[in-house]
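Worksheet for the structure shown next.
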Amino acid sequence: MHIAVLGGDGIGPEVTAEAVKALRAVAANGPQFEMTEGKIGDAAYDTTGDPLPEATVVLAERADAVLFGAAGTYESDLRPPEARGGHGLLRLRKRLDLFANFRPVRAIPELAGASTLRREVLEGVDLVVLRELTSDIYFGTPRGFSTAGGERSAFNTMRYTESEIRRVAHAGFKAAQARRGKLCSVDKANVLETMQLWRTVVTEVGREYPDVELTHLYVDAAAMHLIRRPRDFDVIVTGNIFGDILSDAAAMLTGSLGMLPSASLNAEGRGLYEPVHGSAPDIAGRDIANPLASILSAAMMLRLSLGKPEMAMRVETAVRRVLAEGLRTADIMEEGATLVGTQAMGDAVAREIARLPD
Ligand SMILES: NC(=O)C1=CN([C@@H]2O[C@H](COP(=O)(O)OP(=O)(O)OC[C@H]3O[C@@H](n4cnc5c(N)ncnc54)[C@H](O)[C@@H]3O)[C@@H](O)[C@H]2O)C=CC1
Ligand SMILES: CC(C)CC(=O)C(=O)O
Ligand SMILES: [Mg+2]
């Protein structure tokens, strides 16, 4: 089986290297995964003049799955799209049609002390944010800058087609059926026509899933409820920009943005796996980033794209054991725990994987 490894920028390559370590450890007693590195982001732009070289697209298309780190830096973020590292990732998502981005959020009991939220709010939190990933205001046209009227203005377009909403809604209802049967659709239908269509189509699709309880929330209230009563959520389905924002907020239910993995899937179930966080330039190159989101993304890849659920379970169990031992990177550090760096955390997870039976 062939995995395309795209580390990207900042802490992307650092955390991805630890996920690769976990993949090697979990396959130690059988055939190893074939892994090929490719370029994306600023790292690609600086050497090839393109944040998403065609060779990377070909590599990703041919692989059985893609393991991705992060793309973009503060320096490139304000450039035009064609010179912006993060735009390479947006284009890759579009090229592979990865419209369904699953971001599971599970409160890990071992980490209860690392969150700023109260233990009783966090206990038992187990939800999934399903974010539509290939449309919305991030992709709509027209977009750009203007000097019409004698002053600078800028504009983006929030646009959804019925079929784009329909397919992610189906993914949401199916995910809810496989879990606790509750789907909460998050929109801003009180202000935006795009979101009125969103609510209408999700409601229509819901008639095909009478076994799923469908509710709707406006995104501003959803942000509040997510923090106040996170246990009540099962699957949340929402658009690209709202999902982007809500999932970073939801990450704090686990204790840190460095804990949240994700899977981005297309209609054929092909996937790209990446931590929810970005390239974290503030901590890059210092061996202090938390690699667990990337390692847990590799576990999602084993389960969803490589057909290896037992290997996925071993990786996840190893992560739990390392946390139970008291090892912590700086972002999840708490009193009485042992502070470790990125590589030491990855080594510890690989060691635990090796100790677990195949
Ligand atoms: N998927 C992607 O490739 C994404 C790329 N970006 C890009 O990343 C760059 C930084 O963006 P920010 O808004 O600062 O978001 P960020 O997610 O990179 O960082 C936000 C905060 O969380 C911390 N953090 C993130 N991941 C961590 C980890 N694994 N361990 C410990 N701490 C961690 C960072 O140190 C920072 O304080 C920008 O250029 C942005 O465009 C941002 C989000 C996602
Ligand atoms: C380039 C950004 C849209 C990436 C991001 O923030 C994300 O995917 O969560
Ligand atoms: Mg984001």
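We count ligands from 1, going down the list as the structure has it; atoms in each ligand are counted the same way.
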*Within a strict 4.5 Å, meaning less than it, do heavy atoms of the P81 and R91 side chains meet?*
no
*asked:* When you compare ligand 1 with S256, is there at least one nitrogen or oxygen pair between them that comes in under 3.5 angstrom?
replied: no
*Does an N or O from R131, backbone or side chain, lie closer than 3.5 Å to an N or O of ligand 2?*
yes
*At what distance is the nearest protein heavy atom to atom 32 (N) of ligand 1, and which residue and atom is it?*
I283 CD1, 3.5 Å
*Does N290 approach ligand 1 within less than 4.0 angstrom via side chain, backbone, both or neither, non-hydrogen atoms only?*
both
*Could you pull out the atom name of the N/O/S atom in D244 that is nearest the Mg ion (ligand 3)?*
OD1
*asked:* Taking the side chain as everything from C-beta on, heavy atoms only, tell me whether I137 gets closer than 4.5 Å to T194.
replied: no
*Heavy atom of the protein closest to atom 25 (C) of ligand 1 (residue, atom name, distance)*: H277 CB, 3.6 Å
*Which residue and non-hydrogen atom of the protein lie closest to atom 8 (O) of ligand 1, and at what distance in Å?*
S279 N, 3.0 Å
*Provide the number and element of each atom of ligand 1 under 4.0 Å from a heavy atom of E274.*
1 (N)
*Considering only protein heavy atoms, which is closest to atom 36 (C) of ligand 1, and at what distance to one decimal place?*
D282 OD2, 3.4 Å
*asked:* Side chain or backbone, does G278 bring an N or O within less than 3.5 Å of an N or O on ligand 1?
replied: yes
*Do you know which two heavy atoms are closest between P104 and L260, and how far apart they sit?*
O-CD1, 3.5 Å
*asked:* Test of understanding: given a 4.0 Å heavy-atom threshold, classify the contact between P291 and ligand 1 as side chain, backbone, both, or neither.
replied: neither
_Heavy-atom nearest neighbour in the protein, as seen from atom 8 (O) of ligand 2, with distance rounded to 0.1 Å_ = R93 NH2, 2.7 Å
*Is the closest side-chain heavy-atom distance between S305 and Y273 below 4.5 Å?*
yes
*asked:* Assess the residue pair T16 and E14 against the criterion (side-chain hydrogen bond (donor to acceptor under 3.5 Å, both in side chains)); give the C-alpha distance rounded to whole Å, side-chain angles, the decisive distance to 0.1 Å, and a yes or no.
replied: CA-CA 6 Å; T16 306; E14 298 175 44; over 6 Å; no
_Backbone or side-chain N or O of D248 under 3.5 Å from ligand 1 N or O_ = no
*Taking the side chain as every heavy atom from C-beta outward, state whether F233 and V129 have any atom pair closer than 4.5 Å.*
no
_Polar atom proximity, G69 to ligand 1 (N or O, under 3.5 Å)_ = no
*Against heavy atoms of R103, which atoms of ligand 2 measure under 4.0 Å?*
7 (C), 8 (O), 9 (O)
*Please identify which atoms of ligand 1 are closer than 4.0 Å to at least one heavy atom of G72.*
39 (O)
_Suppose we measure from atom 21 (C) of ligand 1 to each protein heavy atom; which comes out shortest, and what is that distance?_
L257 CD2, 4.5 Å
*Just jot down the ligand 1 atoms closer than 4.0 angstrom to any heavy atom of T73, in number order.*
39 (O)
*Could you tell me whether a side-chain N or O of S279 sits under 3.5 Å from a main-chain N or O of G12, the two making a donor and an acceptor?*
no
*Give a yes or no on whether D248 keeps an N, O or S atom under 2.8 Å from the Mg ion (ligand 3).*
no
*Got a donor-acceptor contact below 3.5 angstrom from the R180 side chain to the D126 backbone?*
yes
*When rounded to the nearest 0.5 angstrom, what distance separates CD in Q177 from CG in L183?*
10.5 Å
*Proximity to ligand 1 by part of L89, non-hydrogen separation under 4.0 Å*: side chain
*N/O of A71 under 3.5 Å from N/O of ligand 1, yes or no?*
yes
*Examine distances only and state if a side-chain atom of R231 and a backbone atom of E123 form a donor-acceptor pair shorter than 3.5 Å.*
yes
*Given that the side chain starts at C-beta and the backbone is N, CA, C, O, which of these parts of F68 lies under 4.0 Å from ligand 1, counting heavy atoms, or is it both or neither?*
side chain
_Salt bridge E316-R106, side-chain N to carboxylate O under 4.0 Å_ = no
*Given Y160, which of F99, Y138, F139, W198 fulfils the ring-ring contact (aromatic ring centres under 6.0 Å, His included) condition?*
W198
*Applying side-chain contact (heavy atoms from CB on, under 4.5 Å) between L304 and each of M300, M301, K308, report the one that passes.*
M300
*Classify the contact between I11 and ligand 1 as side chain, backbone, both or neither, using a heavy-atom distance cut-off of under 4.0 Å.*
side chain
*Find all atoms of ligand 1 within a distance of less than 4.0 Å from any non-hydrogen atom belonging to A289, and give their numbers and elements.*
30 (N)
*Side chains of E54 and T56: is there a donor and an acceptor less than 3.5 Å apart?*
no
_Top protein contact for atom 14 (O) of ligand 1, by heavy-atom distance_ = Y74 OH, 2.5 Å
*Atoms of ligand 1 less than 4.0 Å from A280 heavy atoms?*
10 (C), 18 (O), 25 (C), 34 (C), 35 (O)
*Name the closest protein heavy atom to atom 6 (O) of ligand 2, giving the residue it belongs to and the distance to 0.1 Å.*
D244 OD1, 3.2 Å
*Would you say atom 10 (C) of ligand 1 touches the protein, meaning some protein heavy atom is under 4.0 Å from it?*
yes
*Find all atoms of ligand 1 within a distance of less than 4.0 Å from any non-hydrogen atom belonging to A70, and give their numbers and elements.*
3 (O)
*Is the backbone of V128 close enough, under 3.5 Å, to the side chain of R103 for a donor and an acceptor to pair up by distance?*
no
_Which of the numbered atoms in ligand 1 are under 4.0 angstrom from any heavy atom belonging to G258?_
28 (C), 29 (N)
*Answer yes or no: does atom NZ of K188 have more than 12 heavy-atom neighbours from other residues, nucleotides or ligands under 6.0 Å?*
yes
*asked:* With the threshold set strictly below 4.0 angstrom, can you tell me whether any protein non-hydrogen atom sits that near atom 39 (O) of ligand 1?
replied: yes
_Any non-hydrogen protein atom less than 4.0 Å away from atom 2 (C) of ligand 2_ = no
*asked:* Under a 4.0 Å threshold between the charged nitrogen and the carboxylate oxygen, would R166 count as salt-bridged to E204?
replied: yes
_Donor-acceptor contact present, side-chain D64 to main-chain H2, <3.5 Å_ = yes
